[in-house]
Amino acid sequence: MTINSESPVRVRIAPSPTGDPHVGTAYIGLINYLYARQSNGKFVLRIEDTDRARFVATSEQEIFNSLRWLGLTWDEGPDLGGPYGPYRQSERTEIYREHVELLLANGTAYRAFENPEELEALRQRQIAAKLPPRYDGGHRDLSQAQIDAYLAEGRPYVIRMKVPAGSTTFRDELRGDITFEHSNVDDQVLMKSDGFPTYHLANVVDDHLMHITDVIRAEEWISSTPKHVLLYQAFGWAIPRFWHMPLLRNLDKSKISKRKNPVSLIYYRQAGFLPEAMINFLGLMGGGMPAVTDAQSGKNPGAPHLDSEMWASGASPTAPAPLNPASAPADAAKPASGAQVKPQTKSSETDIFTLPDMVARFDVKNIRLGGPVFDLTKLKWLNGEYIRALTPEKFYTALRETILSDAYLQQIAPLVQTRIETLGEFGNLTHFLFADDIMPPAEVFVPKKRTPEETLAFAADQLTVLEAFDSSTWTHEALEPALKKLGEEKQWSVKENFMLLRAILTGSTMSPPLLESMVVFGKSRTLDRVRRFLEAQKKLANIKK
RNA sequence: GGCGUCAUGGUGUAACUGGUUAACACGCCGCCCUCUCAAGGCGGAGAGUACGGGUUCGAUCCCCGUUGACGCUACCA
């Protein structure tokens with residue numbers, strides 16, 4: 001039973017608050033947003049916070065801020081409410097409990113009492129025997145007496161879905177039918193022993209209860225779709241349409257990751273990318289914008305243009321962006337009006353378009369399925385186009401609201417006050433906080449008693465340590481012990497340790513205090529700088545060979 | 001390893017879903033403009049559509065196989 005094609009379209013994104021808002025969330029958000037606006041449907045934001053272990057308290061707010069920054073406004077969500085709330089899964093645990101009872105009762109799910117250690121041992125045995133690691137169904141057919149005994153003992157358990165024999169075929173709107181043999185589908189855990197549901201259960205229950213008609217999500221979910229289909233069937237519910245979007249990629253074509261690319265939307269905002277450029281670039285990923293023919297461009301004079309009115313900012317590099325940037329496009333569904341600043345390049349006809357343009361012309365069915373590389377080079381060019389199209393006033397405002405905001409300067413000032421003799425020296429000590437490309441020469445970053453090789457290896461270790469932080473834990477108090485611990489482990493003195501990082505961050509051996517500087521500069525940009533340093537050095541080393 | 005998905009220059013896309021010298025943009029190179037650097041203008045190199053078979057008068061486009069890449073393979077999402 002599939003969803004009624006007459007039903008009004010309702011789509012959703014369901015990010016989980018486990019860290020910085022991700023560029024992939026924005027991409028999938030964009031496609032969902034477009035589809036909803038084009039079908040006069042609703043776009044729902046749901047927070048999937050069922051993973052207590054990875055939960056990050058500030059993450060949810062950053063997700064809101066980032067999506068609004070991009071102009072991807074939702075119709076229902078945790079902050080807005082709506083007819084099918086609550087929209088935060090941690091507030092729906094009772095609902096999942098009731099539903100999983102239904103499955104237990106109709107025999108499509110069962111309790112399993114193995115503990116994590118036993119399961120891990122099982123996995124290891126299977127791997128050793130070169131078998132596919134999978135739950136062996138050990139507690140699938142426990143007798144009622146046995147179950148009661150375990151329950152009486154108070155033994156913790158999970159609830160797993162009972163995958164029947166056979167196979168499942170579902171339709172992907174972009175690829176056609178996809179079939180999975182059930183022998184390849186695990187008896188997935190639906191309810192964890194902590195009483196929280198897994199993604200699979202929560203996602204199906206919520207999508208049904210929230211009347212979601214189209215599940216537009218990333219390709220990585222294809223393999224678990226049969227589980228979801230099986231769940232819909234177990235509940236006796238209509239199955240939504242599935243659209244699996246290609247995954248954004250690193251330059252080396254692997255799934256986009258923070259190890260190889262800035263993936264945090266906070267980074268892009270702080271580094272001074274304009275939301276219009278960002279959303280435009282995301283719209284380029286995977287295609288979807290039909291080519292403009294001469295005939296069309298004549299009939300559609302308003303289509304490709306830059307609209308400086310859309311500069312939606314309010315974000316300063318370090319202070320959290322306001323909840324609702326005043327200048328965010330209020331209604332992107334109607335073509336923006338106002339001054340059209342159209343760059344003179346030919347590419348303005350094909351590569352440059354706004355969110356309203358996309359609402360008007362984007363065709364989700366046109367999505368190209370090969371994983372598009374998220375290429376910063378082109379993003380930067382695009383951003384340059386948008387910057388040049390700004391009026392001088394808007395450009396000035398953009399600077400003052402981001403890279404030169406009062407909030408930013410107020411944090412920097414105390415770091416340099418005791419270190420300069422004339423105000424004119426301010427830039428001498430702080431230019432690294434305003435520059436994008438900082439690259440210390442080897443004589444600056446390699447400590448006297450170290451070789452370049454061990455220095456780079458240690459820098460890579462530093463990066464690993466720093467990557468473990470998220471924006472909310474990125475503080476002086478937390479960073480200091482973490483870095484010092486690494487130094488102790490690797491036998492690097494505090495001086496060598498901090499001096500190296502200082503050189504990478506500032507390009508110099510002389511700077512304001514390191515930790516404070518890192519905090520002011522922000523996690524995303526600091527990491528990006530270290531990452532770029534390492535990459536550049538790697539390239540240099542290859543050239544020398 | 002198993003299962004699944006994908007495949008047009010270095011990158012992003014286009015090519016009336018079978019008929020083009022395979023187009024556009026980014027990047028790269030050169031020239032012009034110019035006090036410099038950008039921007040802008042002009043031009044150039046770079047793919048014969050992963051490979052091999054079919055079907056067809058004709059395949060980037062349809063079919064099969066191979067290869068490669070990627071994803072999943074958690075009490076994460």
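Residue numbers start from 1 in every chain, and the chains themselves are labelled A, B, ... in the order their sequence lines are given, proteins ahead of strands.
The CG-C1' distance, from A/Asp375 to B/G9, rounds to 14 Å in whole Å. The distance from atom OH of A/Tyr27 to atom C1' of B/G12 is 11 Å, rounded to the nearest whole Å. The distance from atom CG of A/Leu251 to atom P of B/G27 is 15 Å, rounded to the nearest whole Å. Rounded to an integer number of Å, the gap from CZ of A/Phe353 to P of B/A25 is 15 Å. If you take CG of A/Leu284 and P of B/C24, they are 17 Å apart, rounded to a whole angstrom. The interatomic distance linking A/Asn250 (CG) with B/G12 (C1') rounds to 15 Å, in whole Å. When rounded to the nearest whole Å, the span between CD1 of A/Ile256 and P of B/U11 equals 15 Å. The CE atom of A/Met289 sits 14 Å away from the C1' atom of B/A25 (whole-angstrom rounding).
Between B/G12, B/G40, B/U5, one nucleotide has an atom nearer to the side chain of A/Glu385 than all others, and that is B/G40.
Pairing of B/U34, defined by two Watson-Crick or G-U wobble distances under 3.5 Å, is not identified with any nucleotide. Across all strands shown, B/A23 forms a Watson-Crick or G-U wobble pair, both distances under 3.5 Å, with B/U13. Remark: B/A74 base-pairs with no nucleotide; criterion is Watson-Crick or G-U wobble with both hydrogen-bond distances under 3.5 Å. B/U56 is unpaired under the Watson-Crick or G-U wobble criterion, no partner having all donor-acceptor distances under 3.5 Å. When Watson-Crick and G-U wobble pairs are counted only if both distances are under 3.5 Å, B/G43 pairs with B/C29. Look at B/U5: its Watson-Crick or wobble partner, with both distances under 3.5 angstrom, is B/A69.
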Give me, pair by pair, the N or O atoms of the protein and of nucleotides 28-33 of chain B that are less than 3.5 Å apart, along with how far apart they are.
none

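Taking the six-membered ring for Trp, A/Trp74 and A/Tyr87 have ring centres at least 6.0 Å apart. A/Tyr84 and A/His208 have their aromatic ring centers separated by at least 6.0 angstrom. Taking the ring centroids of A/Tyr35 and A/Trp243, they lie under the 6.0 Å cut-off.
Taking for each of A/Gly371 and A/Asn184 the nucleotide of RNA chain B with the nearest heavy atom, the 5'-most of the two is the partner of A/Asn184.
None of A/Lys162, A/Arg140, A/Arg160, A/Lys227 except one satisfies the salt bridge (charged side-chain N to carboxylate O under 4.0 Å, His left out) rule with A/Asp187; the exception is A/Arg140. Each of A/Lys260, A/Arg259, A/Lys255 was scored for a side chain to side chain contact (heavy atoms under 4.5 Å, CB included) with A/Asn250, with one residue passing: A/Lys260.
B/C29 and B/C72 are spaced 37 Å apart, taking the P atom of each and rounding to whole Å. Of the C1' atoms belonging to B/G48 and B/G9, the separation is 10 Å, rounded to the nearest Å. To the nearest whole angstrom, the two C1' atoms, one in B/G71 and one in B/C61, are 26 Å apart. Comparing the P positions of B/C33 and B/U20 gives a spacing of 41 Å, expressed to the nearest Å. As rounded to the nearest Å, B/C42 and B/U34 have C1' atoms that lie 16 Å from one another. Spacing between B/A47 and B/A22 at atom P, rounded to whole Å, works out to 13 Å. Across the C1' atoms, B/A50 and B/A7 are found 7 Å apart, a figure rounded to whole Å. As rounded to the nearest Å, B/C32 and B/A39 have C1' atoms that lie 14 Å from one another.
Nucleotide B/G68 carries an anti base; the chi torsion (O4'-C1'-N9-C4 or O4'-C1'-N1-C2) is more than 90° from 0.
Within 6.0 Å of OH on A/Tyr396 lie no more than 12 heavy atoms contributed by other residues, nucleotides or ligands.
The shortest distance between side-chain heavy atoms of A/Tyr232 and A/Pro240 falls below 4.5 Å.
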Spell out protein contact along nucleotides 68-77 of chain B as letters: B when the base is contacted, S when just the sugar-phosphate is, - when no protein heavy atom is under 4.0 Å; keep the 5' to 3' order.
-SSBSSSBBB

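In this structure, A/Arg368 reaches the B/A14 phosphate: one of its side-chain N or O atoms is under 4.0 Å from OP1 or OP2.
Of the N and O atoms on the side chains of A/Ser183 and A/Arg134, not one donor lies less than 3.5 Å from an acceptor on the other residue. Under 3.5 Å, the side chains of A/Thr169 and A/Asp177 contain no donor-acceptor pair of N or O atoms.
For residues 95-136 of chain A, the ring pair (Phe, Tyr, Trp, His ring centres under 6.0 Å) pairs, not counting sequence neighbours, are A/His99-A/Phe235, A/His99-A/Trp237, A/Phe113-A/Tyr150, A/Phe113-A/Tyr157.
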Could you go through the side chain to side chain donor-acceptor pair (under 3.5 Å) check for A/Arg12 and A/Asn203 one step at a time?
CA-CA 11 Å; A/Arg12 101 279 124 125; A/Asn203 159 72; 3.1 Å; yes

